[in-house]
Protein chains: 2
Amino acid sequence: MFSKACEYGIRASIFIAERSLMGMKVSLKEVANAIDSPEAYTSKILQKLSRHEIVSSEKGPNGGYLIGPQQIEKVMLNEIVFAIDGDKVYQGCGLGLPKCDGAKPCPAHHQFKIIRDELKEMLETTTIKSLTLGLSESLTFLKR
Amino acid sequence: MFSKACEYGIRASIFIAERSLMGMKVSLKEVANAIDSPEAYTSKILQKLSRHEIVSSEKGPNGGYLIGPQQIEKVMLNEIVFAIDGDKVYQGCGLGLPKCDGAKPCPAHHQFKIIRDELKEMLETTTIKSLTLGLSESLTFLKR
DNA sequence: CTTTTATCGGACAAATTTGTCCACTTTAAT
DNA sequence: ATTAAAGTGGACAAATTTGTCCGATAAAAG
């Protein structure tokens with residue numbers, strides 16, 4: 001569904017969000033360990049999220065990543081997906097046609113549109129913050 | 001959503017099905033041209049579909065690909081997806097965890113499950129044959 | 001039975017994605 | 001000021017996916 005980079009990005013964001021809600025910053029190492037991802041690769045992904053102003057980063061000793069109080073209320077899943085995978089999730093044709101829309105659809109356009117619209121709706125209405133709730137109660141997990 | 005190979009596979013199957021309904025066989029070249037895909041790569045994909053008995057192939061002069069009369073009524077989208085991409089579409093975790101289920105879910109498990117279940121339902125109930133209808137009426141297209 | 005036309009399948013090549021390494025910059029603490 | 005601890009970013013490497021080539025195989029037609 002998403003690229004691996006995007007999956008890491010979402011997991012990382014959820015972890016950072018959870019800690020940020022507790023008033024904590026987290027280091028790259030902590031993130032990579034928490035979500036079980038390669039450290040250097042995760043670094044690249046966090047840089048992207050940082051440039052898109054989804055997470056904030058601080059250099060130097062006691063530096064690390066965080067999501068600010070205003071941001072944490074606003075950041076939706078779709079922003080992370082867009083920052084890393086771009087808009088292909090939304091506009092891409094289910095059968096891979098370079099262009100495909102209601103005016104000149106692929107044979108499965110209608111069927112896929114229903115699914116895609118729901119995916120879009122879900123990504124646009126799900127906050128990162130909401131996904132941290134189960135985490136802190138140990139009802140959900142970021143690695144396994 | 002699917003691999004490119006899988007997209008080619010679905011497009012090819014729909015094209016072959018349409019022609020088969022008209023009592024025709026089609027050559028590799030015709031398939032590749034109809035769905036605008038690389039010929040040799042398409043060949044690999046058709047071989048997979050052939051081994052999975054989704055399409056039939058005939059060698060020699062006047063050979064080509066077809067979907068038999070019984071098969072054409074039965075073949076569902078999900079069989080093609082499974083033949084090429086395996087079951088990762090169904091069982092894969094939305095956040096990329098190696099394992100993720102109701103007992104130990106990722107933070108977005110519930111949200112993704114809804115989408116995934118619908119995708120699964122759609123793939124399992126959509127016949128290739130049904131997708132050829134719009135094609136023959138030029139309401140839908142396999143390349144663009 | 002030979003030739004021609006088609007798919008089959010293995011080896012190879014290119015492109016993309018994923019992952020690693022390391023020198024650089026920033027910043028806090030001493 | 002110096003040092004140490006962090007993220008930054010560019011170059012490189014590995015793995016996977018996508019795509020190509022070509023000889024082998026099968027079958028129909030002359």
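Sequence lines set the chain letters: A, B, ... in the order given, protein chains first and strands last, and positions in each chain run from 1.
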| query | Is the backbone of B:Glu39 close enough, under 3.5 Å, to the side chain of B:Ser43 for a donor and an acceptor to pair up by distance? | reply | no

| message | Treating A:Lys25 as the side-chain partner and A:Asn62 as the backbone partner, does any N or O pair qualify as donor plus acceptor under 3.5 Å? | response | yes

| note | Whole-Å distance, A:Ile84 CD1 to C:dG19 P, equals 13 Å

| message | Quick check: do A:His52 and A:Glu79 have side-chain heavy atoms less than 4.5 Å from each other? | response | no

| note | Quick note, B:Pro38 side chain, CB onward, closest among D:dG19, C:dG19, C:dG9 is D:dG19

| field | Rounded distance in Å - NZ (A:Lys25) to P (D:dA6) | value | 10 Å

| query | Atom NZ of B:Lys48 and atom P of D:dG19: how far apart are they, to the nearest Å? | reply | 13 Å

| task | Please state whether the phosphate of C:dT7, meaning OP1 or OP2, lies under 4.0 angstrom from any side-chain nitrogen or oxygen of B:Ser50. | result | no

| said: What is the separation between atom CZ on A:Phe2 and atom C1' on C:dT16, rounded to the nearest whole Å? | reply: 20 Å

| request: With DNA chain C as reference, determine whether A:Ala40 or B:Lys29 sits nearer its 5' end, using the nearest nucleotide of each. | output: B:Lys29

| field | Minimum-distance nucleotide (side-chain atoms of A:Lys44 versus C:dG19, C:dG9, D:dG10) | value | D:dG10

| request: When you get a sec, tell me which of C:dC8, D:dT18, C:dA6 is the closest nucleotide to the side chain of B:Ala5? | output: D:dT18

| query | How would nucleotides 24-30 of chain C be written as a contact map, 5' to 3', with B for base contact, S for sugar-phosphate-only contact and - for no contact, using protein heavy atoms under 4.0 Å? | reply | -BBBBS-

| said: Counting only side-chain heavy atoms from C-beta out, which of D:dT8, C:dT7, C:dG19 sits nearest to A:Tyr41? | reply: C:dG19

| said: Under 4.0 Å, heavy atoms only, any strand: does A:Ser43 hit a base, just the sugar-phosphate, or nothing? | reply: base

| Interatomic distance, A:Glu39 CD vs D:dA5 C1' [rounded to whole Å] | 13 Å

| note | When rounded to whole Å, the CD1 to P distance for the pair B:Ile45 and C:dG9 reads 15 Å

| Nearest heavy atoms of B:Gln71 and B:Glu53, plus distance in Å | NE2-O, 2.6 Å

| request: Whole angstrom is fine here: how far is it from OH in B:Tyr8 over to P in D:dT18? | output: 8 Å

| said: With a 4.0 Å limit, can you tell me whether A:Arg51 has a side-chain N or O closer than that to the phosphate oxygens OP1/OP2 of D:dG9? | reply: yes

| task | Can you measure from CG (B:Asp36) to OH (B:Tyr8) and round to the nearest 0.5 angstrom? | result | 8.0 Å

| Any sub-3.5 Å donor-acceptor pair from B:Thr132's side-chain atoms to B:Glu18's backbone N or O? | no

| field | Spacing of B:Leu46 atom CG relative to D:dG19 atom P, expressed in whole Å | value | 14 Å

| Nearest of C:dT18, C:dC8, D:dT8 to any side-chain atom of A:Gln47? | D:dT8

| task | Taking all non-hydrogen atoms of both residues into account, name the closest pair between A:Leu66 and A:Ile16 and its distance. | result | CA-CG2, 3.5 Å

